[in-house]
Amino acid sequence: MNKELLEAMEVLEKEKNIAKDTLIEAIENSLLTACKNHFGKADNVKVTVNPNTCDFAVYAEKTVVEQVEDDIMEISLADAKMLSPKYDLGDTVQIPLDSKKFGRIATQNAKNVILQKIREEERKVLYNEYYTKEKDVMTGIVQRYLGRNVSINLGRVDAILNESEQVKGETFRPTERIKVYVLEVKDTPKGPRVSVSRTHPDLVKRLFESEVAEVRDGTVEIKAIAREAGSRTKIAVKSNDANVDPVGACVGLNGARVNAIVSELRGEKIDIINWDDNPAYLIENALSPAKVICVVADEEEREAQVIVPDYQLSLAIGKEGQNARLAARLTGFKIDIKSETQAREMGLFEQMGLQYGDTPAPSFEEDSFEEDSYEETENYPEYEEGYQEDGNGQE
């Protein structure tokens with residue numbers, strides 16, 4: 001039994017996850033390469049390796065002939081008779097070859113063949129392992145900055161967090177643990193190249209799946225996500241169980257679940273709303289925390305007219321139009337927001353088939369919206385003419 005070879009193969013199989021059959025195949029190919037370098041050809045050379053004991057044998061198959069013209073491929077009848085009297089002309093004789101007699105160059109080439117095969121298999125194993133992680137979230141350790149990109153260790157490989165996939169203003173310290181979304185895994189001669197992101201909307205989705213059991217098992221379904229990384233995310237959820245509140249499940253007791261995600265995203269605000277198949281109700285929910293008087297949605301044109309109370313106009317639009325922009329992305333509708341006064345002056349109530357006062361504006365309550373989300377109307381001169389958002393950041 002070749003104990004040293006057997007132990008080496010077991011170590012490689014355990015540490016690098018390379019199958020023993022692959023290593024045996026590499027040994028066979030290396031011995032064939034050595035024979036070719038030593039004898040000039042190896043077409044008639046056969047190698048056998050016992051997978052249990054790792055004992056191997058190398059032999060050349062030669063044809064018995066009357067007159068030898070190629071001593072590598074042929075053997076004379078007289079020499080064959082000396083090996084065994086049973087041989088006759090045309091028979092094939094197996095001649096054992098001593099691999100220890102191979103020259104230094106042949107031995108070195110055989111070694112290189114084995115090492116090359118091990119490296120190839122290691123890259124293949126790593127690629128297959130991380131390819132299954134594509135479109136998923138992994139925890140990595142920040143290694144160092146490469147210019148404006150960041151190298152992040154994901155265990156057995158280092159990933160690259162490009163500048164374009166970093167949240168603006170977010171900085172990292174070496175050895176810091178962060179969660180990243182695996183964008184793509186490419187197979188390269190130097191091993192798998194993994195690209196990750198901190199800005200992708202699906203990062204938020206995967207974090208909810210890991211934190212919220214109802215999302216993970218499909219009881220609560222995430223229907224749509226609109227994200228401006230580092231600032232705010234809107235997420236629409238729907239329950240497939242009438243007894244489960246989708247928003248409550250995502251928020252958790254005292255906000256524990258959503259706060260864990262906000263902490264991982266370093267303070268990024270998350271608005272969780274109820275999904276509704278009726279686009280008007282969905283748009284109303286998407287404009288939360290602003291209150292809405294009425295919504296008229298055109299499904300064919302993917303446009304919606306929204307009227308809000310005067311004091312809610314700036315809240316509905318949001319700082320720099322963010323709330324309306326995210327609502328448009330979330331719903332897929334071009335949203336035109338008008339205040340109650342503007343709608344009355346433009347005759348929108350009549351166009352919508354309503355009489356002004358049929359749907360009274362809610363009474364003003366100071367605690368009905370977040371104080372830090374409210375912006376004075378005078379900061380937005382465009383409000384005087386209303387506000388339109390098509391989801392692409394265009395007014």
Side-chain angles (χ1 to χ4, degrees), residues 1-132 156 186-192:
M1 179 181 291
N2 195 331
K3 284 188 177 181
E4 291 182 359
L5 182 58
L6 183 61
E7 290 174 358
M9 291 175 67
E10 289 175 349
V11 169
L12 284 170
E13 187 174 30
K14 182 178 180 181
E15 293 185 355
K16 298 188 180 294
N17 200 25
I18 301 175
K20 186 185 290 186
D21 292 342
T22 301
L23 295 171
I24 289 175
E25 182 184 350
I27 292 171
E28 292 175 351
N29 291 334
S30 69
L31 290 171
L32 289 173
T33 301
C35 290
K36 187 172 183 179
N37 289 319
H38 187 73
F39 298 112
K41 63 168 68 174
D43 296 341
N44 63 326
V45 176
K46 302 295 180 183
V47 179
T48 59
V49 181
N50 188 319
N52 298 320
T53 63
C54 283
D55 290 331
F56 62 89
V58 184
Y59 55 88
E61 293 182 341
K62 296 186 178 183
T63 304
V64 180
V65 295
E66 189 74 39
Q67 185 68 32
V68 177
E69 295 180 358
D70 184 351
D71 57 0
I72 295 178
M73 304 292 294
E74 299 173 341
I75 185 174
S76 66
L77 180 60
D79 291 339
K81 291 289 186 181
M82 291 177 64
L83 295 173
S84 175
K86 66 178 183 179
Y87 289 122
D88 206 346
L89 291 173
D91 290 344
T92 300
V93 180
Q94 293 183 343
I95 309 296
L97 300 177
D98 188 357
S99 59
K100 293 181 180 180
K101 293 182 179 180
F102 291 164
R104 180 180 61 84
I105 296 176
T107 304
Q108 184 65 35
N109 289 338
K111 175 185 173 182
N112 291 339
V113 169
I114 294 177
L115 293 175
Q116 178 66 21
K117 185 64 176 178
I118 291 174
R119 284 192 290 266
E120 287 177 0
E121 284 301 313
E122 188 176 6
R123 287 198 302 267
K124 186 177 179 181
V125 168
L126 281 175
Y127 173 75
N128 290 337
E129 177 183 344
Y130 283 89
Y131 182 75
T132 60
R156 299 177 65 186
K186 286 185 178 180
D187 192 14
T188 69
K190 294 183 179 180

Please output the side-chain donor-acceptor pairs of residues 73-83 that fall under 3.5 Å, not counting sequence neighbours, one pair per line with the distance.
from: Glu74; atom 1: OE1; to: Glu69; atom 2: N; distance (Å): 2.9
from: Glu74; atom 1: OE1; to: Asp70; atom 2: N; distance (Å): 3.2
from: Ser76; atom 1: OG; to: Asp79; atom 2: N; distance (Å): 3.2
from: Ser76; atom 1: OG; to: Asp79; atom 2: OD2; distance (Å): 3.1
from: Lys81; atom 1: NZ; to: Pro85; atom 2: O; distance (Å): 3.1
from: Lys81; atom 1: NZ; to: Tyr87; atom 2: O; distance (Å): 2.8

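In this structure, the side chain to side chain contact (heavy atoms under 4.5 Å, CB included) partners of Glu25, at least two apart in sequence or on a different chain, are Asn29. In this structure, Arg119 has no salt bridge (charged side-chain N to carboxylate O under 4.0 Å, His left out) partners at least two apart in sequence or on a different chain. The side-chain hydrogen bond (donor to acceptor under 3.5 Å, both in side chains) check on Thr92 picks up nothing, with sequence neighbours excluded. When the side chain to side chain contact (heavy atoms under 4.5 Å, CB included) test is applied to Asp21, no partner is found at least two apart in sequence or on another chain. The salt bridge (charged side-chain N to carboxylate O under 4.0 Å, His left out) test applied to Lys117 returns Glu121, not counting sequence neighbours.
Rounded to the nearest 0.5 Å, atoms OG1 (Thr22) and NZ (Lys124) are 7.0 Å apart. Rounding to the nearest 0.5 angstrom, the gap separating the CZ atom in Arg123 from the OG1 atom in Thr188 is 7.5 Å.
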Report task. Give the C-alpha distance, both sets of side-chain angles, the deciding distance and a yes or no for side chain to side chain contact (heavy atoms under 4.5 Å, CB included) between Val93 and Glu61. Result -> CA-CA 6 Å; Val93 180; Glu61 293 182 341; over 6 Å; no

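Counting heavy atoms from C-beta outward, Tyr130 and Arg156 have side chains that approach closer than 4.5 Å.
Panel note: side chain Asn128, backbone Val125; no donor-acceptor pair is recorded below 3.5 Å.
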